[in-house]
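These notes concern the structure reproduced below.
Chain A is the first sequence line, chain B the second, and so forth, proteins listed ahead of strands; every chain is numbered from 1.
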Number of protein chains: 2
Amino acid sequence: MKINDSTTESNIMEAAKRIFVLKGFEGARMQEIADEAGINKALLHYYFRSKDKLFEAVFIDAFVKFVPTILITLNSNSPLFRKIEVFVDHYIDVLSKNPFIPGFILHELGHNTERLSKIIRTVGLNPDLFVEQVKAEIEAGSINPIDPRDLLVNMLAMCIFPFVGKPILKVVLFKNNEEEYHEFLNRRKIAAAQFIINSIKKR
Amino acid sequence: MKINDSTTESNIMEAAKRIFVLKGFEGARMQEIADEAGINKALLHYYFRSKDKLFEAVFIDAFVKFVPTILITLNSNSPLFRKIEVFVDHYIDVLSKNPFIPGFILHELGHNTERLSKIIRTVGLNPDLFVEQVKAEIEAGSINPIDPRDLLVNMLAMCIFPFVGKPILKVVLFKNNEEEYHEFLNRRKIAAAQFIINSIKKR
DNA sequence: CAATGGTTTAACCTTTGAGTTAATCCGTGT
DNA sequence: ACACGGATTAACTCAAAGGTTAAACCATTG
């Protein structure tokens, strides 16, 4: 018997991810995913019993590969300002290579809330270390007082929003010019970090 | 013959908007919209010829009712800092009452880019006045240099992201407590404006 | 080499959902 | 009173999409 070399399975996962990310759960077609993977539709159901199951697998995979690798920078032990710089730079960089992932995750999360808590428990997102660090800096008087959660939300917002809002921003602010938008994102790696640090830095 | 009192038509629009916003174009069902409106499915097609047409009408309506009323604050002639305060407060307030609209607009825009340019032309979004104001303030030396478009993106991000990211933020930062999240949003009306102003204010 | 069993496929089944049709309802003008 | 015509409906059509089935394929092993 053939060893399950799982090349087919991961092949399916990759194809399914591309389609799901592009079209969303409802918009994706099993046939389309099969085509993308270069296989028969029945084989999808052989490996993943249903569209739901396939989506679940793809979503968890995308989520797990994505969110933690970014939040991990938050738990390093760099000094705060340096950490913010690295976080923003790294995050925007990763998002540039996967521009549709955030929209995908946020959209599907918004439409299937139950899914989330299961995943969170699996992955274990925990901002406590960052929160403590910010508190300590405030105590020490090196930055202006701010709710650490606010700060974190702001950091995330500054990085993610340019990607989920890209279609409208590109048209309204950049004459629909892709090249200009790309440059904007590159400048933003530094500008956004600067903007955040400026705001909390004591002067 | 009965006068077209259009109560049915706007009734359909309202119902369709609720369903579309909640489930997205692909996820919404014509039958479901008919039920929501308390009418027969064929009547949907009588008023709006197809699902696409109905969606188009709903989307434009949502977009037009939404985006400009917010950007209008940007074209007032308040001084910059005041303008930022009003913008953030007003925007978060409106979003609190329509929490699913931004996700809806961003998602559908991301999946049907052609739609956008048509609408933009109809509505006429124009940030020039704000951009000029910011440039003038920089010239006058009253704020730190910043690309006005960056500033605008930041303002939008700070307001919108807490809504599109709500599911995950609520779980990770607020123990899935709705009440706490609501308070967070309220504090944010002031905190976000402060954060932005802090960053650009010259000291 | 033939039996085994995981893998893959073509063809089929079933349900669902968008859209159509033909008939009915009912307010209005004559 | 009745004919006209827009508004509304029940019942239908048709295509697409998710899922199933039974057979074929082929690498391994005894």
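- At a cut-off of 3.5 angstrom, counting only N and O atoms as typed in the model, there is no donor on one side facing an acceptor on the other between the side-chain of B:Lys41 and the base of C:dG17.
- A salt bridge links A:Glu26 with B:Arg29: the distance from a Lys NZ or Arg NE/NH1/NH2 to an Asp or Glu carboxylate oxygen falls below 4.0 Å.
- OP1 or OP2 of D:dA7 has at least one side-chain nitrogen or oxygen of B:Tyr46 nearer than 4.0 Å.
- Applying the salt bridge (charged side-chain N to carboxylate O under 4.0 Å, His left out) rule to pairs touching residues 66-81 of chain A yields nothing, sequence neighbours excluded.
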Test salt bridge (Lys or Arg N to Asp or Glu O under 4.0 Å) on B:Lys170 and B:Glu180 and set out the steps. CA-CA 9 Å; B:Lys170 197 168 90 176; B:Glu180 269 199 56; over 6 Å; no
Dump every N/O contact between nucleotides 15-17 of chain D and the protein below 3.5 Å, one line per pair.
| unit_1 | atom_1 | unit_2 | atom_2 | d |
| --- | --- | --- | --- | --- |
| D:dA17 | OP1 | A:Arg29 | NE | 3.3 |
| D:dA17 | O5' | A:Arg29 | NE | 3.1 |

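- In this structure, CD1 of A:Ile39 is placed 14 Å from C1' of C:dA10, rounded to the nearest angstrom.
- Atom CD1 in B:Ile143 sits 4.5 Å away from atom CD1 in B:Ile138 (nearest 0.5 Å).
- OP1 or OP2 of D:dT8 sits under 4.0 Å from a side-chain N or O of B:Thr8.
- Atom-to-atom, CZ of A:Arg49 to P of D:dT20 comes out at 8 Å; the value is rounded to the nearest Å.
- Rounded to whole Å, atom P of C:dG19 lies 7 Å from atom CG of B:Asp52.
- Closest to the A:Ala42 side chain, of the nucleotides C:dT20, C:dG19, D:dT20, is D:dT20.
- In summary, the aromatic rings of B:Phe63 and B:Phe66 are positioned with their centroids too far apart to meet the 6.0 Å limit.
- Checking D:dA10, C:dT7, C:dT20 against the side-chain heavy atoms of B:His45 singles out C:dT20 as nearest.
- Atoms CG (A:Leu44) and P (C:dT9) sit 10 Å apart, rounded to a whole Å.
- Looking at B:Lys51, its side chain does come within 3.5 Å of a backbone N or O of B:Phe25 through a donor-acceptor pair.
- For an aromatic pair to be called close, the ring centres must be under 6.0 Å apart, and B:Phe104 with B:Phe20 fails this.
- When rounded to the nearest whole Å, the span between CD of B:Glu32 and C1' of C:dA18 equals 14 Å.
- Atom CG in B:Leu43 sits roughly 15 Å away from atom P in C:dG19 (whole-Å rounding).
- Remark: P of D:dG19 and CZ of A:Phe48 are 14 Å apart, rounded to the nearest angstrom.
- We find that CG of B:Asn40 is positioned 15 Å from P of C:dT21, with the value rounded to whole Å.
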